[in-house]
Amino acid sequence: MSDLPKTFEPADIEEPLFAAWADAGYFRRDSAGFAENSLSPYTIVIPPPNVTGVLHMGHALNNSLQDILIRRARMQGRPTRWIVGTDHAGIATQNRVEQKLASEGLDRFDIGREVFVQKCWDWRRQYGSTIIGQLKGMGCSCDFDDEKFTMDPGYALAIRKVFVQWYHQGLIYRGLRIINWCPRCTTALADDEVEHIDECGHLWYLRYPLVEPVGETSYLVVATTRPETMLGDSGVAVNPTDERYVALLAAEAKIRLPLMDRVIPLVGDNYVDASFGTGAVKVTPAHDPNDFEIGQRHSLEQINIFNDKAEVNELGGRFAGLSREAAREAVVAAFEELGLLDHVEEHEHAVGHCYRCNTTVEPWASEQWFVRMQQLAAPAIAAVRDGRVRFNPQRWENVYFHWMENIRDWCISRQLWWGHRIPVFYCASCGWHDALEDNPDRCPKCGAAVRQDDDVLDTWFSSQLWPFATYGWPYDPKQAAELDAYYPTQVLSTARDIIFLWVARMIMSSLSFLDDAVPFTDVIIHPTVLDKSGNIMSKSRGNGIDPMELIAEFGADVMRFGLAAQVTGSQDMRFDKDKLAVYRNFATKIFNAARFVQMNLDDYRPLPGRVQPLPATLADRWILARLARLTAQLEQDQSSFNFGAQAHALYAFFWNEFCDWYIEFAKGQLAGGGNERQASQRNLVFVLDTALRLLHPMMPFLTESIWLQLPHGDERPSLVVAHWPNAAELAGYLDDEAERSIELTCTVVGAVRSTRARYRLAARTPLAVSIRLHGDTAAVDAALLKAQAEQVVSMAVCSDFSVGQECARPPQSVAVIAEGLEIFIKLEGQLDFEAERQRLKKEMASRRGDADRLGKKLANQGFMAKAASDVIEKTKNDLAVLEVELKRITAELEELG
RNA sequence: GGGCGUUUGGCGCAGUGGGAGCGCGCUUCCUUCACACGGAAGAGGUCACUGGUUCAAACCCAGUAACGCCCACCA
């Protein structure tokens, strides 16, 4: 056996194991053996990664959690389905394809819409499977045989149905609004696709001369952060109650707009905050949402001075052709020249940026399609309020409520070519237009040719249908049965930044189209993965970590376990690659424990069927009791999605209980031969087998590779489909007596080892040990310790070991006082009396302090009157124990002299 | 301007009312036949601060500070 490696090599086992699982069809929803039982199904839809995407740490975390959930459900025998696929990601993909074109010196208009869309499909075919392959590398057990894509033909039908129905219900409309325009992507963006970043800018104070002076006043001063937009000004607004301006308002003062020589009115509007700036606001209805509203109220002209690239157009007079940045400089310079620049202040303000390309967005008046949200939001709010959808951690529901209750209409049209084209058709001849599920050949009214709307839908419009469109809803013949069986899904796991963009909209659309069914019952908002210093990982910082590199270095199991271990309910996690060494060590520990078990099975004679434990000794009973507790604990932490606690419980059981103690006990039992050896072999196999099952969802590869070689006797061919250990079935092994016996054993062994270390004695130096027991538990404890004598002698290395209630203290011995017992360790001729006195005095002082505190408590009338009776009882007991121990220490000190 | 999160030994984190735990690191010892990616024994904390509630507070409440995140049309 010595030729076995001491560490396991993940790279050698991962690929072949995954291939075997896939070949066996374990991840398919209809794989044999699952659907035939009556357990409720367990379904997860993966948040579809972008086709252009590569795996980042957020994906690694998110998909680890989903795989842990789905693997456990699969082992529990539930019909499981983890739906996988990718999102066409309109803007992101289009940008990539445009970049590629640009490198060839082309833009999309050179090749036209049809060819461009074809190139997007080519891109998808070439790169669309990268992230799917990476998910497999992580060990994710998705239903890869049935991969979905948000541009699948069937998916397109779902989009059409939703659009047409909402359109005919009056929930979708077209309107002229100020929208967020990205001049680089040349498309509209929804409000939540804009990222506001605080920037240090300026507040320019510009003088606007009056056409006719009013009294002393010949000009107004307006403050603006965007002086270039003055080219499109069509008014100046002040608060009607602002005393500085009432006279001007009364006189209906007119302003001659500098540079443009346009006469514009002064209007009174309550929107204006008299305390900010000068209290006078220039109004640019075409380039600011507030100004747009003011303009509507006062019938001001909308003058759009920018083209779609945010360059000044012909309405910008002599500034036409300038970029917005150049226009700003030129306008300010012109004002300065004319003596109309009053002054400039530093000013920090939030500036919107495109969430895809980070370009500063331009508020721009244009015709766009919108979804009326209020009506859709109401039932979605109710679904979370009444608990049909739960957020985990729960606090995220507040974020959801706040957004939903202040929801605004959703701009869904995008001036892109890659995406689902808006299914609205126009007749150029008679003016007919309508939204239709099927493309019409000609105008149904006049028979003339029709034209489809040029815009495509926001990608999130299609993503919102993901939980049910992936079932083939609404027209696939199988969909009704499948939706009936698997819908709603159980869990939706995602990052907090798409609660609005995606989660909320899925809830709304599902309630709207699937008979008030929610799309999922639990939303898991996982923490954001930060770098080790607490910074967000980003390309620009260059601090991102590639999960595939982690897998190459540590293996997928270690990465998964390490990530899950850090999911503790906080909103961020700091990720330090070096800390994964801890979990690599754990994986090695598991591997070596398994190696130990294997090495001792040469003469193992399994009974038919799955291995059953044979609790022969207290140690056997103890490890089974601990295993039962662990299983129950995991069940509890699973239902609350506390992955960190699960990882910790598994780690502690396997390392500190199974390896540190049980395997050490087992060594003695194995050496004994005969029946004792047989029993021990069975217990080792059973506990290891059960532990591997419990570990499998987090560490699928390592556990499977061990399990396949373990003589567990299970007829199941793979751990992937082996039965999950049931806490109720193991509850019979709970055993207080065995736990007490091992507690005593560990106390004694620890005392001897500690003494040996203090006296710097070699580990193998045998020592004579005697135990004196006292108190109510003395008789039972004595029996338990006697039963463990062989173990104690071997593990503590004793030359002599005796246990008794009347046991006398040997002369020249170290005394260790513990609850219910005194441990005497004979050190003839070597005992350091002074050191022992000091040690015991320290022990005494510490116990004295505790006892005093408890005594005070019990003397406190408030405590006695109000504390719970079990707390009072416990306090009394603790004090009694301390008093006994203090008495014993005093006696020991007297004996030491 | 609102809202949320975090603050516990050098570092990373558990711990939702009965006087603090884990891992790493650190100190000492051990290459004993599963594992030095290991074993054994140790050291190390007035639980950010202030006040309150309570017989009892790391934990509940109020406020303060620092850091981080989200939302928001003050030009």
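In what follows, chains carry the letters A, B, and so on, assigned in the order in which the sequence lines appear, proteins first and then strands, with residues in each chain numbered from 1.
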- Query: A/Asp576 CG to B/G12 C1': how many Å, rounded?
  - Reply: 8 Å

- Message: From CD of A/Gln709 over to P of B/A34, roughly how many Å is that when rounded to an integer?
- Response: 19 Å

- Item | A/Val567 side chain near A/His526 side chain, heavy-atom distance below 4.5 Å | no

- Would you say the base of B/C35 and the side-chain of A/Lys6 have a donor-acceptor pair closer than 3.5 Å? no

- Note on the structure: Whole-Å distance, A/Tyr583 OH to B/C24 P, equals 10 Å

- What integer distance in Å separates A/Leu761:CG from B/A41:P? 15 Å

- In whole angstrom, give the distance that lies between atom CZ of A/Phe500 and atom P of B/C71. 6 Å

- Message: Side chains of A/Asp273 and A/Ser275 only: does a donor on one sit below 3.5 Å from an acceptor on the other?
- Response: yes

- Pairwise side-chain contact, A/Tyr583 with A/Leu563, heavy-atom cut-off 4.5 Å (strictly under): no

- Tell me: CH2 of A/Trp364 to C1' of B/C73, nearest whole Å? 20 Å

- Message: Using Watson-Crick or G-U wobble geometry with both distances under 3.5 Å, which nucleotide pairs with B/C67?
- Response: B/G5

- Item | Along RNA chain B (nearest heavy atom to each residue), the more 5'-positioned of A/Lys532 and A/Val871 | A/Lys532

